[in-house]
Amino acid sequence: MADQGGVAQVWRRIRSIYNIQGNHCTTCDTYYFPPRLVCPKCRRKGKLEDYRFKGLGTVYTFAIVRQAPQDFKRQVPYVVAQVQLDEGPRLTAQIVNCEPSSVHIGMRVRACFRKITEYGHGGIIVYGYKFEPTMRVTGHD
Amino acid sequence: MVGIVGYGVYIPRYRIKTEEIARVWGEDGEKLARGLGVFEKSVPGPDEDVATISVEAARNAVKYARIDPRDIGAIYVGSESHPYAVKPTGTIVAEAIECSTDITCADYEFACKAGTAAIQTCMGLVESGMIKLGLAIGADTAQGRPGDALEYSAAAGGAAYIIGKENVVATIEATASFTTDTPDFWRREGEDFPSHGARFTGEPAYFRHVGAATRLLLDKTDTTIADYDYFVFHMPNGKFPVSMGRQLKIPKEKLEDSLVVRQIGNTYSGSSMIGLARVLDRAEPGQKIFMTSYGSGAGSDAFVFRVEDAILERRGEVPTVDDYIARKTYIDYSTYAKYRRKIKALA
């Protein structure tokens with residue numbers, strides 16, 4: 001198969017999803033993730049520069065998934081959360097490395113590197129960020 | 001002189017006890033665990049593979065080394081469970097730790113010693129001045145055929161070592177290798193699980209190669225067992241390295257600290273490198289470490305390390321091997337089978 005599973009789309013996002021790379025408008029001091037082409041607040045007066053988020057944040061809200069799509073059945077039950085990054089933006093990600101029952105609003109988390117999905121047995125594998133509770137092994141005792 | 005500028009490990013959180021695997025196959029778990037010297041083994045989560053393990057270990061190594069990842073000129077990932085048959089794991093690691101594109105990269109495969117082969121390659125490139133820093137990784141998510149003896153030990157984990165000349169925490173004083181054509185363990189293309197020569201994996205394979213490489217390097221450096229404070233051997237189980245130590249007349253306590261296999265199993269390419277990391281986590285400046293890896297097929301790489309003063313100030317930056325060993329969640333065999341894709345009906 002020539003273009004199995006949107007190779008180009010995945011490739012374009014590699015930089016931003018491996019390291020939570022977004023951007024920062026120096027005019028209004030706002031951080032964006034995913035990266036924006038223009039600052040929606042400042043428009044043409046905005047000045048955007050690449051910004052790599054520190055990867056630390058807080059669980060804003062979450063859901064425990066018990067009815068999963070086929071590709072995620074192996075992981076059930078798992079947690080999908082809205083994580084508020086320390087710099088401001090909120091993003092959606094799985095919370096791993098803990099029991100789903102221990103996840104709570106306000107929990108401190110940090111980004112880790114995981115397999116997000118794969119396009120079938122022979123297709124490409126998509127890697128990127130998930131979040132885990134900060135703990136001793138994350139260097140945040 | 002070339003040495004280790006930084007190192008980092010990663011061990012997945014899940015564990016399965018030897019007794020739990022034995023229960024499923026109608027074996028005496030307690031006896032098996034004692035015989036093998038493996039009491040539990042690490043199991044990767046459903047979203048973990050050699051790429052994710054390598055990235056987490058490499059991120060720890062970069063943090064520990066306090067280097068700019070753009071100074072890394074080479075990445076070699078040694079593993080026998082690379083997620084792709086064709087597409088180097090190292091490319092994923094390079095992007096994830098934000099290396100520059102001015103970098104050479106390749107995947108290595110030599111059963112359980114591919115990671116130490118990567119260290120040797122990086123040493124050569126650094127010594128010759130071709131690169132400033134090299135990243136050598138040994139990581140695996142090892143698979144054992146259900147019911148096979150290997151299932152009790154095949155585990156997951158990895159270690160990353162940054163090799164360079166400046167600010168080393170341990171100097172690599174010498175290295176030597178011993179390689180022969182010995183079919184003790186193999187996996188043919190397209191096969192899910194490896195095959196092995198059962199008892200043949202002992203004397204003519206592990207003991208011959210580890211013993212020969214160790215003696216070779218002792219001769220080359222004109223040293224004896226007494227000159228070293230720690231020994232690290234590849235750990236296919238808890239029995240082999242101890243028995244190797246006995247054959248070489250190494251005092252038990254010099255080997256003890258490296259024996260991570262008892263709690264996490266055989267992490268294949270990560271095995272001796274995680275053992276070395278655990279020793280580096282506790283060694284004092286001036287102490288000397290002797291490591292010999294083993295890869296089926298077969299070969300051994302032996303190394304002599306001298307711990308430097310810089311090691312004291314770098315500690316505490318990243319989690320230690322013991323931190324990862326202590327972080328664990330037990331799973332039963334059915335969860336293990338689900339995570340490790342042993343249930344074929346589940347796509």
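Just so it is clear, the model here is predicted, and its values are computed rather than measured. Residue numbers start from 1 in every chain, and the chains themselves are labelled A, B, ... in the order their sequence lines are given, proteins ahead of strands. FYI, side chains are in, hydrogens and waters are out, and symmetry mates aren't considered; it's all heavy atoms of this structure.
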In terms of heavy-atom proximity below 4.5 Å to chain A, should B:Tyr14 be classed as side chain, backbone, both, or neither?
-> neither
Is it the side chain or the backbone of B:Ile92 that comes within 4.5 Å of chain A heavy atoms, both, or neither?
-> both
Spell out, as yes or no, whether a donor-acceptor pair under 3.5 Å connects the side chain of A:Asn19 to the backbone of B:Ala96.
->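 Yes.
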Is there a donor-acceptor pair closer than 3.5 Å between any side-chain N or O of A:Arg114 and the backbone N or O of B:Thr52?
-> no
Counting only heavy atoms not in [X] (residues, nucleotides, ligands), do more than 12 fall under 6.0 Å from its [atom1]?
| X | atom1 | value |
| --- | --- | --- |
| A:Arg108 | CZ | yes |
| A:Arg13 | CZ | no |
| B:Lys87 | NZ | yes |
| A:Arg15 | CZ | no |
| A:Tyr60 | OH | no |

Between A:Glu118 and B:Arg341, is a salt bridge (charged side-chain N to carboxylate O under 4.0 Å, His left out) present by the stated rule, with each step listed?
-> CA-CA 14 Å; A:Glu118 52 191 90; B:Arg341 300 193 170 193; 3.2 Å; yes
Pairwise distance CH2(A:Trp11) to CD(B:Glu95) - rounded to 0.5 angstrom |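 Interatomic distance, A:Trp11 CH2 to B:Glu95 CD, rounded to 0.5 Å: 10.0 Å.
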Contact winner vs chain A - B:Gly45, B:Pro12, B:Ala51, heavy-atom pairs under 4.5 Å = B:Ala51
Determine, stepwise, if the pair B:Glu98 / A:Gln21 fulfils side chain to side chain contact (heavy atoms under 4.5 Å, CB included).
-> CA-CA 11 Å; B:Glu98 299 176 282; A:Gln21 180 102 41; 3.9 Å; yes
Step-by-step salt bridge (charged side-chain N to carboxylate O under 4.0 Å, His left out) determination, A:Arg110 to B:Glu56 = CA-CA 13 Å; A:Arg110 77 133 192 186; B:Glu56 295 284 359; 3.6 Å; yes
Residue part contacting chain B, namely of [X], when any heavy atom lies under 4.5 Å:
| X | value |
| --- | --- |
| A:Glu99 | both |
| A:Phe113 | both |
| A:Arg52 | side chain |
| A:Val76 | backbone |
| A:Ile125 | both |

Given side chain to side chain contact (heavy atoms under 4.5 Å, CB included), test A:Ile116 with B:Asp47 step by step and report yes or no.
-> CA-CA 7 Å; A:Ile116 306 296; B:Asp47 56 353; over 6 Å; no
Sequence neighbours left out, what passes side chain to side chain donor-acceptor pair (under 3.5 Å) with A:Glu49? Give chain and number order.
->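 For A:Glu49 there are no side chain to side chain donor-acceptor pair (under 3.5 Å) partners, ignoring immediate neighbours.
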Audit row: B:Val55, A:Tyr18, side chain to side chain contact (heavy atoms under 4.5 Å, CB included) steps and yes/no | CA-CA 10 Å; B:Val55 167; A:Tyr18 277 16; over 6 Å; no
Any idea which heavy atoms bring A:Lys115 and B:Pro46 closest together, and the distance?
->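 The answer is CE-O, 3.9 Å.
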